[in-house]
Amino acid sequence: MASADGKTNRFKPTPLKTPSCLQAGLHFRRWDVEDGEGPFAHHEVKVDRTGLVLSILSDINEGVPIYLSEVYDVRCGKYARQPKDQKLIHSLSSTAGVSSFDDIAVTIVYGTNTVDTSFLNLAAISKGDVSLFVDSVRSLLNNVVGYNVSEEIMLQREYARLFTLRNPGKDGISVKHFHS
């Protein structure tokens, strides 16, 4: 679109500032409604330096990438999902050293549209990580959709997605992370 002086007006987003705690990674235990009893592997949850991709990394299997532009909500406390099995609640709470599961519960709601949403359920290793993680991620969620409109930003997002999910113990990138 041209302005009155004949120059082109382009949307130039200001770069997102990813908090250093998210770049370094925070440790959680991931649980699913379908899973039975533990043991639950430790997962490192980090965001790349550009603030575009949330990566859930584990020593056991390959990581899971989630674009922050697809994240709708980050819930904690009583608003996060809770396991139906009381043994699972007790197991996750006792490993973190808290009496209430609400103190360590985090749920990330994400999806490509509002109908097909998925839930990523996490339990923090320490109580202080919950508020730090939720506040830091929510600061990146504001106006992320507008930030992703540029072709350059889209290429940076794909680059970040591929290179934050390297195979543990191996050099290179897994073939399963390439799209056609």
From Trp31 atom CH2 to Asp85 atom CG, the distance as rounded to the nearest 0.5 Å: 10.5 Å

Contacts of type side chain to side chain donor-acceptor pair (under 3.5 Å), residue Asp135, not counting sequence neighbours: none

Value rounded to 0.5 Å, distance of OG in Ser100 from NZ in Lys78: 11.5 Å

With Ser126 via side chain to side chain donor-acceptor pair (under 3.5 Å) - residues at least two apart: Asp129

Expected output: side-chain Tyr72 to main-chain Asn113 donor-acceptor under 3.5 Å: yes

Shortest non-hydrogen separation from Thr107 to Arg81 and the atoms involved: OG1-N, 2.9 Å

Distance flag, aromatic centroids of Phe133 and Phe28, threshold under 6.0 Å: yes

Ile66 versus Val71, closest heavy-atom pair with distance: CG2-CG2, 3.7 Å

Side-chain donor or acceptor of Arg138 paired with backbone N/O of Val74 under 3.5 Å: yes

Rounded distance [0.5 Å steps], CG in Leu140 versus CG in Leu52: 9.0 Å

Salt bridge (Lys or Arg N to Asp or Glu O under 4.0 Å) contacts touching residues 91-112 (sequence neighbours left out): Asp103-Lys127

Spacing of OG belonging to Ser139 relative to CG belonging to Leu141, to within rounding of 0.5 Å: 8.0 Å

Minimum-distance pair of heavy atoms, taken over all atoms of Ala105 and Val130: O-CG1, 4.2 Å

Atom OH of Tyr79 with >12 non-hydrogen neighbours under 6.0 angstrom: no

Side chains of Tyr110 and Thr117 in contact at under 4.5 Å (non-hydrogen atoms): no

Side chain Gln23, main chain Thr18, donor-acceptor under 3.5 Å: yes

Inter-residue atom distance Arg30.CZ - Asn121.CG, 0.5 Å rounding: 8.5 Å

Exercise: identify the closest heavy-atom pair between Leu68 and Leu54: CD2-CB, 4.1 Å

Asp73/Arg75 salt bridge by N-O under 4.0 Å criterion: yes

Distance in Å, Ile56 CD1 paired with His43 NE2, rounded so as to fall on 0.5 Å steps: 8.0 Å

Sidechain-backbone polar pair: Ser93 side chain, Ile89 backbone, donor-acceptor under 3.5 Å: yes

